[in-house]
Every structure is written in C-alpha cells, then in structure tokens.
Engineer: 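Sharing a structure with you now.
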Amino acid sequence: MNYWLLKSEPGTYSIDHLRQYPEQRDHWDGVRNYQARNFIRDRMKIGELCFFYHSNCSCPGIVGIVKIVSTPYPDFTAFDPDDVHFDPKSQPDNPRWYMVDVHFQRKLKRTISLQELKQYRELEEMPLVKRGNRLSVMPVATHEWQFILSLESA
DNA sequence: GCCAACGTTGGC
DNA sequence: GCCAACGTTGGC
C-alpha cells in the first residue's frame, strides 16, 4: 500500500474544485513528466490515499486527502488538440501519459504549509522539501504520512 | 513578477 | 552521447 502526494495549482484546480464535481470524483489529468508518469502508471493502485498539495500560490502546502478510485489509464487530454495538455506525441494506440481517477476524502483541519513541513527532520527525505524540486506526483513514506497527519491537530 | 532549478529538445 | 538553449515549475 503506497501513499502519495499530488500537486495542483489552486488557481487552476484546487481541492474545492474537486469537491464540487459530481460524486466528488474526477480524473487527475495533465501530468507531463516521465518520473511522475511512471509513479502513476506503474505503481498507483485503487484505494491508495494521496495528500492534495497546493502549489504556486500564496500559501503552498498540504490541504487535504484524496483516494485513488481507478486503475491507471491513458490521459485522454493528451489526444485533444484543443486541450491545454495536448501532446501530439501521445497517440491512442501508444499513449505516453497516464492518469487515475481520484475521490475527495476530506480537507485537513488546517493547511500544513511547505514552510512548516521544511522544519521537521522526520520529513527531510521528502522530495517535496528538497531544493529545486518540481516533481508533481511523489510517493510518501508511511512514517511521513503518519507524521504529517499527527501535525494536523498540533 | 522574478528567477533559480530543473527537464527536454535538438544540433552536432 | 554531449551539452547549450529553451521552456516550465514553483517558491518567494
């Protein structure tokens, strides 16, 4: 059982956007990085939990939890010339990019900011807190997951 | 809005 | 296969 962290820019797609979808469920499209793609395509499983992280905003940090509710499948937005995530190199018979469906679980009682996450030695191995990190999908170790949840009520 | 850090592209 | 140029990410 893996845990994950998913980044999204709240100006484009926040956790409240997901929450407003029918059944509070949506596909996680637009990942266009190979390392992130490999995590999705090769390792994500139905039922696994992910932190929802807001990036590139006034207070970057973890804001909630979502659950993976589909197996990985080709990201169809790559096939659509009118989509911002269109990639002509991805073809339906040989897809380059993958996604999963996620289901809103809950928001955290408070945003656990990047600034705070950087303070703890328990989390210093997370790619998220390392300098220059740009990975938008990353695994979270079980002890990191539990530690971060323990901060929620602190 | 700035800009450092990073991943990708493509000429050679 | 190298690496400079380029575009993007994302904190600040």
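Each chain gets a letter, A, B and so on, in the order its sequence line appears, and its residues count up from 1.
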Engineer: Atom OH of A/Tyr34 to atom P of B/dG7: distance rounded to whole Å?
Structural biologist: 13 Å
Engineer: Please report, rounded to the nearest Å, how far the P atom of B/dT8 is from the CD atom of A/Gln35.
Structural biologist: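 It works out to 9 Å between those atoms.
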Engineer: Distance check needed: B/dA5 P versus A/Leu135 CG, whole Å only.
Structural biologist: 18 Å
Engineer: For A/Lys118, answer base if it contacts any base atom (sugar-phosphate contacts may also be present), sugar-phosphate if it contacts only those atoms, and nothing otherwise; contact means non-hydrogen atoms under 4.0 Å.
Structural biologist: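 Sugar-phosphate contact only.
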Engineer: Between A/Lys7 (NZ) and B/dG7 (C1'), how many Å, whole number?
Structural biologist: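 Going from A/Lys7 (NZ) to B/dG7 (C1'), I get 13 Å.
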Engineer: Go nucleotide by nucleotide along DNA chain B from the 5' end; which of A/Asn56 and A/Arg96 gets its closest nucleotide reached first?
Structural biologist: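 The residue whose closest nucleotide sits nearer the 5' end is A/Asn56.
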Engineer: Measure from CD on A/Glu116 to P on C/dC12 and round the result to the nearest Å.
Structural biologist: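 About 14 Å, once rounded to whole Å.
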Engineer: Among the nucleotides C/dG10, B/dA5, B/dG7, which one has an atom lying closest to any side-chain atom of A/Asn33?
Structural biologist: B/dG7
Engineer: Test A/Val137 against every option in A/Lys7, A/Met44, A/Arg37, A/Gln35 by the side-chain contact (heavy atoms from CB on, under 4.5 Å) rule and name the one that passes.
Structural biologist: A/Met44
Engineer: Of all the nucleotides listed (B/dT9, C/dG11, B/dA5), which has the minimum atom distance to the side chain of A/Arg131?
Structural biologist: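 Looking only at side-chain atoms, A/Arg131 lies closest to B/dA5.
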Engineer: To the closest 0.5 Å, what do you measure between CD (A/Glu125) and NE2 (A/His143)?
Structural biologist: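 The distance works out to 8.0 Å.
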Engineer: Between P on C/dT8 and CD on A/Glu9, what's the gap in Å once rounded to a whole number?
Structural biologist: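 So the two atoms are 12 Å apart, to the nearest Å.
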Engineer: Would you call the rings of A/Tyr13 and A/Phe52 parallel, tilted or perpendicular, where under 30° means parallel and over 60° means perpendicular?
Structural biologist: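 Rings of A/Tyr13 and A/Phe52: parallel, under 30°.
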Engineer: For a quick test of reading the model: is some side-chain N or O of A/Tyr53 closer than 4.0 Å to OP1 or OP2 of C/dG11?
Structural biologist: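 Yes, because at least one side-chain N or O of A/Tyr53 sits under 4.0 Å from OP1 or OP2 of C/dG11.
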Engineer: Starting at CD of A/Gln115 and ending at P of C/dC12, how long is that distance when rounded to a whole Å?
Structural biologist: 7 Å
Engineer: Can you measure from OG (A/Ser8) to NE2 (A/His54) and round to the nearest 0.5 angstrom?
Structural biologist: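 One finds 6.5 Å between OG of A/Ser8 and NE2 of A/His54.
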Engineer: Tell me the interatomic distance from A/His54, atom NE2, to C/dC12, atom C1', rounded to whole angstroms.
Structural biologist: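 Atom NE2 in A/His54 sits about 18 Å away from atom C1' in C/dC12.
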Engineer: Between the side chains of A/Arg32 and A/Ser90, is a donor N or O closer than 3.5 angstrom to an acceptor N or O?
Structural biologist: no
Engineer: For the side chain of A/Pro60, starting at C-beta, report the closest nucleotide among C/dG11, B/dT9, B/dT8.
Structural biologist: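 Closest nucleotide to the A/Pro60 side chain: C/dG11.
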